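I have placed the structure first, in the form of structure tokens, so that the comments after it can refer back to it.
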Amino acid sequence: MKYIIILLFLANVLFAQKIAKIDSGSINGAAYRIIFPENWKGKLVMYAHGYEFMGSPLQSKNPEWAIRMKPFTERGFAVAASDYRNQGLALAQGVDDTEALRQLFVKRYGLPDSTFMAGHSMGGGITIATLENFGKNYAGGFPMCPLAGRIYLQTRKEFDLIATFNALFPGNMPSLMEILDKNQSKNPVPMNVAFGKAMALKKVIFAKDSLLAADIADRFDLKPDDLPFALVFGENVLRDIAIKGGGNPYDNTNTLYGGFRDNLLVNQNVERLSATIGQDKLFSKYDRTGNIDKPTLVLHTIYDQLIPAEMAIVRYENLIQEKGNQAFYTVKFTNGQGHCNFSPEQTGKAFDELREWAKTGIKAKAGYIK
């Protein structure tokens with residue numbers, strides 16, 4: 001019965017959007033879905049999804065995915081998206097699997113009039129990496145709330161958040177040594193389990209010292225209410241890395257932490273670990289270079305609890321400027337309060353500006369989108 005209800009819901013969604021055709025299958029173990037609007041104009045968006053908690057439903061099985069693609073399909077674009085070969089941190093696999101799907105699309109349906117690369121969160125990082133490595137195949141890129149900086153630095157933020165939290169709230173989270181044990185008995189958990197853990201953690205730490213929790217949150221550019229989920233999310237990411245990489249790529253033996261009310265207390269009590277594997281094992285393939293030569297319009301919210309502007313914008317912007325590629329990069333921001341919290345109208349408007357830039361060669365202006 002549940003399966004029938006999902007199929008009926010999906011059928012209603014697709015009918016409402018006038019989706020004319022769905023192509024689905026698998027490439028090298030990575031499921032994919034391609035949707036064609038009724039008014040398909042020979043144009044294509046290759047879409048990359050964000051981080052999926054291990055065990056969560058795959059994108060291709062999510063009936064709401066077609067709704068989220070509406071800013072593209074209602075403009076006459078087909079959308080092709082891969083599930084990737086594995087869940088969790090899968091940036092390199094996402095790049096390869098997206099490129100394999102693009103090649104399948106061209107072989108099956110012909111070369112599109114224009115192709116854009118787009119994605120949310122980790123998918124935004126895949127968008128940037130695709131432009132850096134396969135940019136010749138695209139008219140432009142649309143990274144949204146992207147994992148844009150170097151992957152090591154983004155995930156090191158999760159490491160430092162848990163390290164300093166445990167120094168100030170000992171006994172409420174697993175140790176980093178346990179989380180990063182390659183032989184650990186606990187695996188990353190599905191999204192619903194993570195939310196449950198975050199809610200339980202919130203009650204404990206806010207009852208113990210809400211002001212101290214707020215202090216930690218502020219240090220990591222978080223709202224206090226978002227601290228517990230950021231911690232649980234970070235734990236999941238680090239466990240995933242330890243299992244896939246076979247160890248711990250982070251070393252904080254010489255790190256001096258600052259920005260807290262009592263920096264001495266934090267540094268005296270923080271757990272110190274040495275790396276057991278090199279960074280290159282997990283993070284070198286398709287790591288950031290700043291080498292883009294196609295119009296790239298980034299869309300970001302003013303507040304993001306998972307990938308703050310420092311990670312999503314500033315660090316990649318520095319690479320862009322180092323390479324002298326500012327002409328191909330512009331940032332639009334909204335007043336959204338949360339990770340990838342854009343309205344369909346904001347997404348559509350930003351995408352229209354990218355398309356106009358790609359068509360005319362006149363760079364889209366950076367700035368605010370209502």
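Below, all heavy atoms of this structure are taken into account, side chains as well, without hydrogens, waters or symmetry copies. Quick caveat, the model's predicted, so the values are computed rather than measured.
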Lys/Arg-Asp/Glu bridge criterion (N-O < 4.0 Å) met for [X], [Y]:
X: Arg75; Y: Asp352; result: yes
X: Glu356; Y: Lys359; result: no
X: Lys202; Y: Asp225; result: yes
X: Lys41; Y: Asp113; result: no
X: Lys21; Y: Glu38; result: no
X: Lys349; Y: Glu345; result: no
X: Arg219; Y: Asp215; result: no
X: Lys157; Y: Asp160; result: no
X: Glu178; Y: Arg239; result: yes

Kindly assign one of parallel, tilted or perpendicular to the pair [X] and [Y], based on the angle between their ring planes and the thresholds 30° and 60°.
X: Phe333; Y: Tyr368; result: tilted
X: Phe142; Y: Phe72; result: perpendicular
X: Phe229; Y: Phe53; result: tilted

Would you say the side-chain atoms of [X] and [Y] include a donor-acceptor pair closer than 3.5 Å?
X: Asp280; Y: Tyr152; answer: no
X: Lys370; Y: Gln346; answer: no
X: Tyr250; Y: Thr155; answer: yes

